[in-house]
Each structure stands twice: as structure tokens, then as C-alpha cells.
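Right, one structure below, let's go through it.
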Amino acid sequence: MATVFMKYLETSPSDYDRGIRLITLGRIRMVKERIAREYVGEGDRVLEIGCGTGELALLCARRGAHVVGIDAAPGMLDVAQQCVQEAGLGDEVELHLMDASTIGDHFPPGSFDVVVSTLVFSELDETTQGYVLRACAGLLKPGGRLVITDEVLPAGFLARLVFYAVRLPLLVLTWLLTRTGTQVVSGLSGKLAAAGLRGDVVGTYLGGTLCVALATARPAGEAAPETAHEVPRLVHRTTLGTILKDAYCLLWRNFPPYPKVRPSLYALGHPDRDAPVLVTGNYDLTVRRVVRDTRGLDAYLLVCDSRGINVWCAAGGGHFTAEKVIQAVKTGGVVEVVDHRTLILPQMAGCGVLGKRIEEETGWRARWGPMYATDIAAYLKAGRRKTDEQREARFPLGHRLEMAVAIWQVWAVVFGIATLVFARDLFWPALALSLLLFVFIGAFMHWIPGRDGFWKGVSLAIGTVGLFLIWTVITGQPIVSISTANASLGLAALALFVGADSQGGSPLRRGGEFEHIHKLVPLELLLVIAWLALTFAPGLVR
């Protein structure tokens, strides 16, 4: 049940095997040994999807099989290659950097006796799971075997209660460390059948949270099941539910679970085979705004898996990439509904999506649309030519205030905890003041002096402390006192941080927080230490 934490372990490939054995209580090693012993024979040609560090590949190779291992993580493959060489099995194991959704393009049909996958399908969305299963069915020889090991929801109320009690804290911790996570695989037997495979679960471990499923390919001569591709339609509606979703996205957008749309292909209006194909991420608010801003337009919307993060942040953070678009093209069924081969991508994704790679892998031309969805209709009407205005990033007051509140609610948790620990009576004033500062810099960031967030923070700190001292004089309080100095230090530290953090919240400035962190951290520490000294040891300054 704790395999969700493997996303963190993947960031340290050399420690992956040891860590995954620990959190699965050694069961994952037992499962891999069982797979190699019972389902892999001498002379078999084996494809391992998500080979990781190569542990299962080596077990199969020692059984006399020839193993082709693929993985999308270069670091994991480096460790796997080293293990293969140390084991002297370089002729029996070949490794490839490859996404699971592309296996059907790289290997000929019927080329494997066995396909194995361990803890991979829980990282794929529902649409991609079905696509990869169909690809596996095509790659297997008649009567070939598919063996899947992954995390599932256990049966029984008590078992599920324990499962969630363990899994949810790990899910939150993993997200905080990696901004990613996994999901349990549901309805596996039905998905196998839909892919034309015959199989079911043949074993469970860890209280029913880890399952092993075995499926066999169709016998020679048996036709594959035909599946009609139906494209669901998206329509813009304003309801109480969408209003609540908007409020949730505004106030809770930085914490999981993210409101997201299932990655897939959707219809806008009544598109025909010449309709444009728009691409976006699967953050719920993003999708609904695209649908709203394209009302009256007949088009297809290809929603990619961006981990439920908006396009700009997901692209900058490595969650919305060319590989994600390639995966959506291959799994979404878009090739079945249009005759052209052109994708229109959001310009804001340009920082993380390589259009050339999309073209090389799929044959689809990647074109960059306008900066904002509100300009899509005009862009298409002009023959897919952008004006200078459509290329420019705009950051109007409404967007700035929305971003300010979204950033504030993240740090409000930190400010709240800090004041509860060190100055409980300042809890509500600190939250209110921090919100006021975030809103202020959101509204006036264009006019606050400073070439970047750090210097804007310095300006904001000077201005905030200056206003406080003026207020002190007006109200007749002593301006030279420990309490005044203490408050000034606290205000300066808070305002400096708020200004510096605004660097990453504006599309008009590149995200360069780390470039000035060497200036920010020492100054913040100095201010906080001085504030603590005045708060808890006033005798030191008498």
C-alpha cells in the first residue's frame, strides 16, 4: 500500500531497490522472483515495461530469456546498465530510454513471448492504461503472456480503512518532495478484456494492496475486438458546482488533490475531419476556461496529463512536456477523427515542450497558438497567424490579484504555524498583514521599485517599515523602544519575503528565485534572528 512513495525513491535511482523493498516489506522482491520463476522460460523474448534499475530483467535473463527493458527515466537506466554489465549479462539484456505509450511504434507485432510490468500502470492515467494494454496485446505472440504487478484497492471496509490511513500521509509527503504521485489501478480485469487479453488476478500481497495479474494473448487466427472511438463533448456552463470549483482552484490550487480533467480527446462544438486540434493540460480550471473562451468554435481539444497543474507552471516544472503531448496523441485517438496532422499548442507551454520532438515522434506538426485562449478564435480566423498582441504576455489586475491570493494561501500555513509557535497573540494580525502585503504587491508590482523580486522585496520592506514608524509617531507611541524595533524587524522580514516570492508569480519576469536566493536567505535569517532575540531576550539589548 505504500508504493506511492516510490515516486520519491525514483529521484535517487541508486537507493531505489533498497527503498522499495523496505516500504513493501520485501514483498516486491518475492513477486519479481515468482514472475521470473513461473512465467518466464529459457529462450523466451521478454519485454519489461518500466525496468527501473534492472532487478527483474536480470532475474529473467538468468532464466535463459532475452530481455528488452524500457524506462522513461535516464537515471534509472544508468543504474540498470551498470548492474547488467556487472552481472555479465550484456548480451542477454538490452535497455532503451522509452515511454510506455510508444512501445507499439518501436517493436514489431508479435515479437515477444512475455511482457512484464511492475508498479508502472499506477503511474498512468486511465486512457493511457488502456492504450498500453492494447499495445501489449499486439506485441505478444499468439498465446504469449502479460504479467502485471501493481497497487490496487483491497477488498473489505477495514482493509481499505487501513490502506487509506497509510497511503494518504505518504501521498502528501511524496507530493511535497516530488510534486507527483501514483494512483491505484482499478478494474484491471475489465481493462485486460477490453484490450483483447484473457486474464485475471492470480495473487495478492500486502493485505490485498499489491496484486499480480496474468493475461494471455489471443490464439492465432482470433480477431481482435473492434472498439469504436467516441469523443466526449465539452460544453461551457456556469453552475453552482463550477463556481465552487473556481473558488477551490483559487484558494487551494497549490495543494493536492488538484481538480483535474481526465486526459483524453474532447469535442468543442461540432468538429469535422478538418477541425483544428487544440492542446492543453488537464488542470480543471484551465480546461474549463479554454472551453469558455472558445464558445462557438468547432474544434477538438486534446487534454494532456499535466499532473493537474496549469500549463505554464506544469511546462516550467517538467510536468507538461513533449513526451506528454506525444502520449496524448498516441492514446487519445485523434488520428482517427481528423485528416490533417497539425497540433496547436499554448504558447505558455513553450518553456517546457519541444515541438520538434513531437514532430519527430508522431509526424504531427506542432504550431504555437496565441498566449491566451481568448485569442484562439481570432488566431484561427486569421489563418493561424498571430499578431504581436497575441504573442505578448498580459498580466492585468485581475490576474495579478488572483495569483497573489493563490501564493498567499501557501505561505499563510507557514506564517500561521510560526506565529502559533513563537507569538500566538500575533496569529490573526500576521495572517491579515501577510494577505495585505501579497495583495498590495499583486496590485502594484509593476510600479514597486526593483528590477527583480528581491529588490522589490527590499523596496516593500522599506516602505512597510516606514509606514509603521509614521503610524507609531501619529499614535504617540515611543519610536525608540524594543517593541517598535521588534515590530519593524518582523515587518521587514515578512515584506522582504513577499516581494521576493513574487518573482515566480508573474509571466512578465522569468522565474529566477534561485538566482537571488543567496541574497535573500542570509538577510531573512539575520532579520528573524534579531526579531527572536528582541522577543525572547530583551535583556541582551538593554
Side-chain angles (χ1 to χ4, degrees), residues 2-37 39-40 44-103 106-107 112 114-124 132 147-151 170 173-175 177-182 210 212 307 317-319 321-324 327 357:
T3 50
V4 62
F5 199 54
M6 73 179 184
K7 295 301 295 182
Y8 170 69
L9 297 175
E10 288 174 1
T11 63
S12 181
S14 59
D15 299 324
Y16 177 81
D17 287 334
R18 182 168 58 253
I20 205 71
R21 288 176 194 166
L22 178 63
I23 64 176
T24 60
L25 305 179
R27 298 299 189 273
I28 196 66
R29 174 71 183 189
M30 294 170 53
V31 170
K32 291 179 178 180
E33 290 175 345
R34 175 184 175 182
I35 292 172
R37 182 178 63 252
Y39 307 117
V40 177
D44 281 344
R45 182 169 169 80
V46 179
L47 171 65
E48 183 181 6
I49 301 173
C51 63
T53 59
E55 185 177 44
L56 178 55
L58 291 175
L59 290 172
C60 294
R62 293 189 179 106
R63 295 277 300 174
H66 180 82
V67 184
V68 178
I70 70 163
D71 203 289
M76 301 290 273
L77 283 178
D78 290 340
V79 175
Q81 189 64 59
Q82 181 180 350
C83 293
V84 168
Q85 295 303 320
E86 291 176 353
L89 294 170
D91 294 334
E92 287 75 28
V93 179
E94 56 180 283
L95 303 172
H96 300 279
L97 181 64
M98 191 183 305
D99 189 88
S101 64
T102 66
I103 55 176
H106 291 89
F107 304 109
F112 294 99
V114 185
V115 177
V116 295
S117 167
T118 305
L119 304 180
V120 171
F121 278 79
S122 55
E123 299 188 50
L124 307 177
V132 173
V147 188
I148 296 175
T149 300
D150 226 309
E151 186 180 28
L170 287 172
L173 179 60
T174 300
W175 179 87
L177 294 171
T178 69
R179 293 300 191 270
T180 57
T182 62
L210 189 68
V212 178
R307 300 286 184 181
H319 303 300
T321 62
E323 286 70 26
K324 294 292 187 180
Q327 182 184 84
R357 175 160 174 76

Heavy atoms of Val120 and Gly50 approach each other most closely as CG2-CA, 3.7 Å

Exercise for the section: Identify the two heavy atoms, one from Ala87 and one from Leu58, that lie closest to each other, and give their separation to 0.1 Å. Expected result: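 Distance-wise, the nearest heavy atoms are CB-CD2, 4.1 Å.
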
Residues passing the salt bridge (charged side-chain N to carboxylate O under 4.0 Å, His left out) test with Asp44, sequence neighbours excluded, are Arg145

Result for side chain to side chain contact (heavy atoms under 4.5 Å, CB included) between Cys60 and one of Val93, Leu89, Val40, Val114 points to Val40

Pick one: which of Val31, Thr118, Asp150 meets side chain to side chain contact (heavy atoms under 4.5 Å, CB included) with Val212?
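Result: among Val31, Thr118, Asp150, Val31 is the only option passing the side chain to side chain contact (heavy atoms under 4.5 Å, CB included) with Val212.
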
[atom2] on [Y] to [atom1] on [X], rounded to 0.5 Å:
{"X": "Leu210", "Y": "Glu151", "atom1": "CG", "atom2": "CD", "value": "8.0 Å"}
{"X": "Asp99", "Y": "Leu124", "atom1": "CG", "atom2": "CG", "value": "8.0 Å"}
{"X": "Leu59", "Y": "Ile35", "atom1": "CG", "atom2": "CD1", "value": "9.5 Å"}
{"X": "Leu77", "Y": "Cys51", "atom1": "CG", "atom2": "SG", "value": "5.0 Å"}
{"X": "Leu119", "Y": "Ile49", "atom1": "CG", "atom2": "CD1", "value": "13.0 Å"}
{"X": "His66", "Y": "Leu47", "atom1": "NE2", "atom2": "CG", "value": "10.5 Å"}

Thr321 and Lys324: side chain to side chain contact (heavy atoms under 4.5 Å, CB included), yes or no, with the steps?
CA-CA 5 Å; Thr321 62; Lys324 294 292 187 180; 3.5 Å; yes

For Phe107, the ring-ring contact (aromatic ring centres under 6.0 Å, His included) test, sequence neighbours excluded, returns Phe112

Q) Where do Gln82 and Glu86 land on the side chain to side chain donor-acceptor pair (under 3.5 Å) test, with the steps shown first? A) CA-CA 6 Å; Gln82 181 180 350; Glu86 291 176 353; 3.2 Å; yes

Who passes side-chain contact (heavy atoms from CB on, under 4.5 Å) against [X], sequence neighbours left out?
{"X": "Ala80", "value": "Leu95"}
{"X": "Arg37", "value": "Glu33, Arg34"}
{"X": "His106", "value": "Met98, Thr102, Glu361"}

Pairs in or reaching into residues 55-75: which pass salt bridge (charged side-chain N to carboxylate O under 4.0 Å, His left out), with residues at least two apart or in two chains?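 For residues 55-75: Arg21-Glu55, Arg29-Glu55, Lys32-Glu55.
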
Are Arg357 and Glu323 side-chain neighbours, meaning at least one heavy-atom pair lies under 4.5 Å?
-> yes

* May I ask you to decide if Ala61's main-chain N or O and Glu92's side chain share a donor-acceptor pair within less than 3.5 Å? => no

